[in-house]
Amino acid sequence: DPYPYCNPKKDEFCIANGKYLLPPLPIQAPDDIGDTAFKKYLPTHEFTLSKWTNGMMPNSCYGYGIEMDKWDVADFEMYNVTFSDCEKSPFVLCYHIKAQKTPKQIATEISRLPIGMRQSTSTYMVYSDLETDNPHYDGYIGAACPDGLIVGLSEAYFITSLVHEIGHSIDCTLASPDSPPGGYGSEFSSTSTWQDAVDKDGIAVSPYGTGSYVENFGEAGRLVLMDNIYPGGLKAFAEDVNNPNITQLKNQLDAIKRSAAGKYYNNRAECDLKIKFPFPTNLVDVASII
């Protein structure tokens, strides 16, 4: 069976009858060809880190990290991260003090995200990779779009992973058919425009993408970005990884390019404070809890 990942008879969210592009593109794992290409063609940006001293934590970090994922609130530090490509509006890092990557390493990876895409978020939460630090947590990395939050293990903060996750944030902000500027709305991936395009192609981008229209949007966003930054575009990338079938994804990739978010999947867009997800102001006094 060439399509083992998703069985539409057992999974109601399975799309494209569980079929995906073959051969699979090496664009998901750390240091694979796709990740390496993103590191090469997405430059890092300078940044400053400023540690919070007010004993507060963004409510989004508290809700997901402490209440939902059962981490110890005493093990987190908060930082403002101000990137050189968006100096007037910092981002927030909720950082587990035992995380294997340093705050500087995490911020460096985030800085590779083009600001046009990065502005769909405001907050990043980083966990320790060790199960012994929290036996209750069995996740990896994910996006909470209504909170402008990406949250996950330290080891999951590498660029191709972040490109996928920020796609989920873009899905309900920049690509959303009804989100207000700087806010969120319904997902583009829930529209007939997106789902019809995927159905017309008849395959998902990857095995993981067969899991839902939402996940396939995150996967497809990687390819739209690659098309805009790789010398010769996605066609050249596909040739370099020996995949002659990339045109089988034409309808879904064109759907993203024609969407409101299409102009942000590149490294040319600028920070726009009118549409950037706002700095978190709903805070929890964690100093009183510790």
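Separating the OH atom in Y140 from the CG atom in L153 is a distance of 7.5 Å, to the nearest 0.5 Å. Between atom CG of residue L273 and atom SG of residue C86 there is a gap of 5.5 Å, rounded to the nearest 0.5 Å. Note that OH of Y213 and SG of C14 are 9.5 Å apart. Values are rounded to the nearest 0.5 Å. The CD1 atom of I246 lies 10.0 Å from the CE atom of M226; values are rounded to the nearest 0.5 Å. For the atom pair OG of S60 and CE of M125, the computed distance is 8.0 Å after rounding to the nearest 0.5 Å. Considering OG1 of T123 and OH of Y64, their distance stands at 11.5 Å, rounded to 0.5 Å.
A donor atom on one side chain and an acceptor atom on the other are not found under 3.5 Å apart for Y265 and N228. Side-chain polar atoms of D133 and S128 form a donor-acceptor pair below 3.5 angstrom. Side-chain contact check for E215 and H168: at least one donor-acceptor pair (N or O, by modelled atom type) lies under 3.5 Å. Looking at N216 and Y208, their side chains never bring a donor and an acceptor atom within 3.5 Å of each other. A donor-acceptor contact under 3.5 angstrom links the side chains of E77 and Y79, judged on distance only. Y184 and D171 share no donor-acceptor pair across their side chains, judged by distance under 3.5 Å alone.
A donor-acceptor contact shorter than 3.5 Å is absent between the side chain of D147 and the backbone of L149. Side chain of S179 to main chain of T173: a donor-acceptor pair is present (N/O by atom type, distance under 3.5 Å, no hydrogens or angles). One N or O on the side chain of Q105 and one on the backbone of T102 form a donor-acceptor pair closer than 3.5 Å. The backbone N or O of I256 sits less than 3.5 Å from a side-chain atom of S259, completing a donor-acceptor pair. Proximity of a side-chain donor or acceptor of N266 to a complementary backbone N or O of A269 within less than 3.5 Å is detected. With hydrogens and angles disregarded, no donor-acceptor distance shorter than 3.5 Å links the side chain of Q252 to the backbone of A220. The main-chain N or O of M56 is found under 3.5 Å from a side-chain atom of N54 such that the two form a donor-acceptor pair. Counting only distance, with no hydrogens or angles, the side chain of D129 and the backbone of S154 share a donor-acceptor pair below 3.5 Å. Distance alone, capped at 3.5 Å, places no donor-acceptor pair between the D75 side chain and the K98 backbone. Put simply, the side chain of D32 gets close to the backbone of D35: a donor and an acceptor are under 3.5 Å apart.
Residues D227 and L253 form no side-chain contact, since every pair of their non-hydrogen atoms from C-beta on lies 4.5 Å or further apart. Inter-residue side-chain proximity for Q248 and L21 is flagged as met; some heavy-atom pair is nearer than 4.5 Å. Taking 4.5 Å as the limit, some side-chain heavy atom of P90 sits within range of a side-chain heavy atom of F279. Side-chain contact between P43 and R112: absent, with no pair of heavy atoms (C-beta onward) separated by less than 4.5 Å. A heavy-atom distance below 4.5 Å is found between the side chains of I290 and V73. Taking the side chain as every heavy atom from C-beta outward, Y157 and Y124 approach each other to under 4.5 Å. By the 4.5 Å heavy-atom criterion applied to side chains, V214 and F13 are not counted as neighbours. Residues Y127 and N134 form no side-chain contact, since every pair of their non-hydrogen atoms from C-beta on lies 4.5 Å or further apart.
A side-chain contact (heavy atoms from CB on, under 4.5 Å) with I166 holds for exactly one of L113, L174, L225; it is L113.
In terms of heavy atoms, A175 sits closest to A261 at CB-CB, 3.6 Å. Of all heavy-atom pairs between D285 and G55, the closest is OD1-O, 3.5 Å. Between S212 and I15, the shortest heavy-atom contact is O-CD1, 3.7 Å. Across all non-hydrogen atoms, the minimal contact from L42 to P114 is CD2-CG, 3.8 Å. Contact detail for A37 and F237: the closest heavy-atom pair is CB-CE1, 4.5 Å. Across all their heavy atoms, P23 and N243 have their closest contact at O-ND2, 2.5 Å.
The cluster map of Ile, Leu, Val, Met, Phe, Trp and Tyr, joined by side-chain heavy atoms under 4.5 Å apart, puts Y20 and I27 in different clusters. Placement of V81 and I97 in two distinct hydrophobic clusters is found when ILVMFWY residues are connected by side-chain heavy-atom separations under 4.5 Å, directly or transitively.
A cation-pi arrangement is found for K276 relative to F91, the charged atom lying closer than 6.0 Å to the ring centre and inside a 45° cone about the ring normal. The cationic group of R118 lies under 6.0 Å from the six-membered ring centre of F83 and within 45° of the ring axis, placing it in a cation-pi geometry.
In the displayed structure, K257 atom NZ is contacted under 6.0 Å by more than 12 heavy atoms of other residues, nucleotides or ligands.
Within the 6.0 Å centre-distance limit, the rings of H96 and F76 are counted as a close aromatic pair. In this structure, the ring of W194 has its center less than 6.0 angstrom from the ring center of F217. The aromatic ring centroids of Y230 and Y41 lie less than 6.0 Å from each other.
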